[in-house]
Amino acid sequence: MIDPKLLRQSAADVAKGLARRGFKFDADTYLALEDKRKSLQVEAESLRSERNTSSKSIGMAKARGEDIEPLLKAVNDLGERLENADARLKELQSQLLDIELGLPNLLHADVPDGVDEADNAEVRRWGTPAEFSFKALDHVDLGGASGLLDFDGAAKLSGSRFAVMHGPLARLQRALIQFMLDVHTSEHGYRETYVPYIVQADALYGTGQLPKFEADLFKTQDDPPFYLIPTAEVSLTNLVRDSIVEAKDMPVRLVAHTPCFRSEAGSYGRDTRGMIRQHQFEKVELVHLVPGSDSFAALELLTSHAEAILQKLELPYRVVKLCAGDTGFAATTTYDIEVWLPGQSAYREISSCSNCTDFQARRMQARWRNPETGKPELLHTLNGSGVAAGRALIAVMENYQQADGSIRIPQALLPYMGGLTEIAVNN
RNA sequence: GGAGAGAUGGCUGAGUGGUCGAAAGCGCUCCCCUGCUAAGGGAGUAAGGGUUAAAAGCCCUUCGAGGGUUCGAAUCCCUCUCUCUCCGCCA
């Protein structure tokens, strides 16, 4: 959520900033509502103040044994007026909140202009895509060669956009997850955290998936409903909802492995081949909770932690800064890390690292106590994949493939594979 | 799933219709005093919001959540959630 004070004072500037995303914020309508809110709130509060004063004097009169009838008469219609003002205020505030919850975060000034991923700005590259002496296969064909990747079986169970994996391929994904958790906890200082995969609506309001993106989520039929998390960011970040973190506990750095569930509504026809885009996938997620002054440095650090995984796996990648139109709802700046996929001859997203500044914190009332002032301040939240395990598996398969369709195990994963050094064909 | 108990400020814990944002203790902060010392004295110490350019001040809200009764609710009524104990069931 954007600071309502900023909206009131600089609605036109906010509208201009959001226009970079292609988002239309009707500042005039907002300000008109806000104007009404102000006068109504002043009215309601002064009525309430009047009532409090009267009630107090009734109490005192009664204590002195005086006749309170005339006093009661004097406040006769107060209750009704107050009720009326309250109801109108409540209605107005909920209208304003609806608008505010629908506004995306303001972009950082350095975010490049642009409408979609074609306009993203490459920041750096690491590694060189390998030259193959044979025609590189994609992970679907490699999975077919080993017989360990089964889309038919998955379709039988769950329909499209699911995968079944067997044997060493399933183990390879598990190895990737263990490896990533180990690196982040032992080398990068994260606290390993196990979280629920099913959350209530409040958590999703906190991180910004709701109310706007409900269609992207899987929802249960309970009343009230539960939602399957689309990312561990939801569970991890909301841990500080409605709390004040002490300075000695900052910064907070959390890592969790969870499955992620996305309905992928609206992406029909995109990445239908293979397991690039699934309804269910595994991901290791990194979350930072930091003082506001530190969040941009933290974004660089977090991104470097995700990159370290790909470097240890010796997977070539590039880092791009997302353009205005491609940056997510809650983020002020996002780096995507794109791993090289020989089967597609393309860099594809494997991690997305975002600084959400105080946007999520304001929705969550997540604060920290600044020792300089002794006062609570909104903290800044960051999240990034460190990295997406399903896509990392694809990247390993395609980058480590050999002429016969077998797949070598990356050096870094050998300790996790129980002596296995390659995944052969025809398992 | 069944039975019972509970939810109050950073913590412990009083408060059962009126001047209670809330006693007391602990903790914490500041000040004072003190050289028989793991002592004494004093003051302060919640969060959110409105008004304001901002601050001060003033005002509003908050005693698990949401409704209700009342001039007035931490206190009474209803619904819900969570925690604890016991039983059952289960991983």
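The basis for the numbers below is simple: all heavy atoms, side chains too, and nothing from hydrogens, waters or symmetry mates. By convention in this document, chain letters (A, B, ...) are assigned in the order of the sequence lines, proteins followed by strands, and residues within each chain are numbered from 1.
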J.: Using the test side chain to side chain contact (heavy atoms under 4.5 Å, CB included), find all partners of A:Ala154 that sit at least two apart in sequence or belong to another chain.
T.: A:Phe162, A:Val164

J.: Quickly work out the A:Asp86 CG to B:C59 P distance and round it to whole Å.
T.: 19 Å

J.: May I have the list of side-chain donor-acceptor pairs in residues 191-205 of chain A shorter than 3.5 Å, sequence neighbours left out?
T.:
{"unit_1": "A:Thr193", "atom_1": "OG1", "unit_2": "A:Arg191", "atom_2": "O", "d": "3.1"}

J.: Hey, are A:Tyr30 and A:Glu100 close enough side-chain-wise for a donor-acceptor pair under 3.5 Å?
T.: yes

J.: For a quick test of reading the model: is some side-chain N or O of A:Arg369 closer than 4.0 Å to OP1 or OP2 of B:A47?
T.: yes

J.: Work out how far the P atom of B:G50 is from that of B:G44, and round it to whole angstrom.
T.: 29 Å

J.: Would you list the protein and nucleotides 89-91 of chain B atom pairs, both N or O, that sit under 3.5 Å from each other?
T.:
none

J.: Can you check nucleotides 51-55 of chain B for protein contacts, nitrogen or oxygen pairs under 3.5 Å, and list what you find?
T.:
{"unit_1": "B:U51", "atom_1": "OP1", "unit_2": "A:Arg37", "atom_2": "NH2", "d": "3.2"}
{"unit_1": "B:U52", "atom_1": "OP2", "unit_2": "A:Lys38", "atom_2": "NZ", "d": "3.2"}
{"unit_1": "B:A54", "atom_1": "OP1", "unit_2": "A:Gln9", "atom_2": "NE2", "d": "3.1"}

J.: Mind checking what makes salt bridge (Lys or Arg N to Asp or Glu O under 4.0 Å) contact with A:Arg369, not counting sequence neighbours?
T.: A:Glu246

J.: For A:Arg174, check salt bridge (Lys or Arg N to Asp or Glu O under 4.0 Å) against everything at least two apart and list the hits.
T.: none

J.: Distance check needed: B:U29 P versus A:Glu372 CD, whole Å only.
T.: 18 Å

J.: Using whole Å, report how far CD of A:Glu45 lies from C1' of B:U62.
T.: 13 Å

J.: With rounding to whole Å, what would you report as the distance between B:A46 and B:G10 at their P atoms?
T.: 9 Å

J.: Checking A:Glu117 now: which residues fulfil salt bridge (Lys or Arg N to Asp or Glu O under 4.0 Å) with it, not counting sequence neighbours?
T.: none

J.: Closer than 4.0 angstrom, basic N to acidic O: yes or no for A:Arg8 and A:Glu34?
T.: yes

J.: Please measure how far the C1' atom in B:G48 lies from the corresponding atom in B:A38, and state the result in whole Å.
T.: 41 Å

J.: Tell me what A:Lys90 touches on the nucleic acid: a base, only sugar-phosphate, or nothing, going by heavy atoms under 4.0 Å.
T.: sugar-phosphate

J.: State plainly whether the residues A:Arg161 and A:Glu264 are in salt-bridge range, i.e. N to O under 4.0 Å.
T.: no

J.: If we take the C1' atom in both B:A22 and B:U8, what is their distance in whole Å?
T.: 8 Å

J.: Calculate the interatomic distance between A:Leu89 atom CG and B:G50 atom P; express it in whole Å.
T.: 11 Å

J.: By side chain to side chain contact (heavy atoms under 4.5 Å, CB included), which residues pair with A:Ser54, not counting sequence neighbours?
T.: A:Val75, A:Leu78

J.: CG of A:Leu71 versus P of B:U19: gap in Å, rounded?
T.: 16 Å

J.: Polar-atom pairs under 3.5 Å, protein N or O versus N or O of nucleotides 70-72 of chain B: list them with distances, or write none.
T.:
{"unit_1": "B:C71", "atom_1": "O2'", "unit_2": "A:Ser55", "atom_2": "OG", "d": "3.2"}
{"unit_1": "B:G72", "atom_1": "O4'", "unit_2": "A:Ser55", "atom_2": "OG", "d": "3.0"}

J.: Taking salt bridge (Lys or Arg N to Asp or Glu O under 4.0 Å) as the definition, give me every residue that meets it alongside A:Glu66, ordered by chain and number, with sequence neighbours left out.
T.: A:Arg64

J.: Just grab all the side chain to side chain donor-acceptor pair (under 3.5 Å) pairs involving residues 229-240 of chain A, residues at least two apart or on different chains.
T.: A:Thr231-A:Lys283, A:Glu233-A:Gln360, A:Glu233-A:Asn383, A:Asn238-A:Arg241

J.: Looking only at atom P, what distance separates B:G27 and B:U79, rounded to whole Å?
T.: 43 Å

J.: How far, in whole Å, is B:G4 from B:G18 if one measures between their P atoms?
T.: 31 Å

J.: Separation of A:Leu96 atom CG from B:G49 atom C1', in whole Å?
T.: 14 Å

J.: Would you call the rings of A:Tyr190 and A:His188 parallel, tilted or perpendicular if under 30° counts as parallel and over 60° as perpendicular?
T.: perpendicular

J.: Take the protein atom CD of A:Gln200 and the nucleotide atom C1' of B:A65, then report the distance between them rounded to whole Å.
T.: 12 Å

J.: Paired stems touching RNA chain B, three or more consecutive Watson-Crick or G-U pairs with both distances under 3.5 Å?
T.: B:1-7 with B:81-87, B:10-12 with B:24-26, B:27-32 with B:40-45, B:46-51 with B:57-62, B:64-68 with B:76-80

J.: If you measure from the P atom in B:G2 to the same atom in B:A65, how many Å do you get, rounded?
T.: 26 Å

J.: Can you check whether A:His380 and A:Phe296 have ring centres sitting under 6.0 Å from each other?
T.: no

J.: Can you tell me how far P of B:U62 sits from CD1 of A:Ile244, to the nearest Å?
T.: 19 Å

J.: Is A:Asp86 salt-bridged to A:Arg48, going by a charged N under 4.0 Å from an acidic O?
T.: yes

J.: Kindly indicate whether the side chain of A:His257, heavy atoms from C-beta on, has any atom under 4.5 Å from the side chain of A:Glu282.
T.: yes

J.: Could you check which of B:G50, B:G48, B:C60 has an atom nearest any side-chain atom of A:Arg48?
T.: B:C60

J.: Which whole number of Å gives the distance between the P atom of B:U45 and that of B:C33?
T.: 23 Å

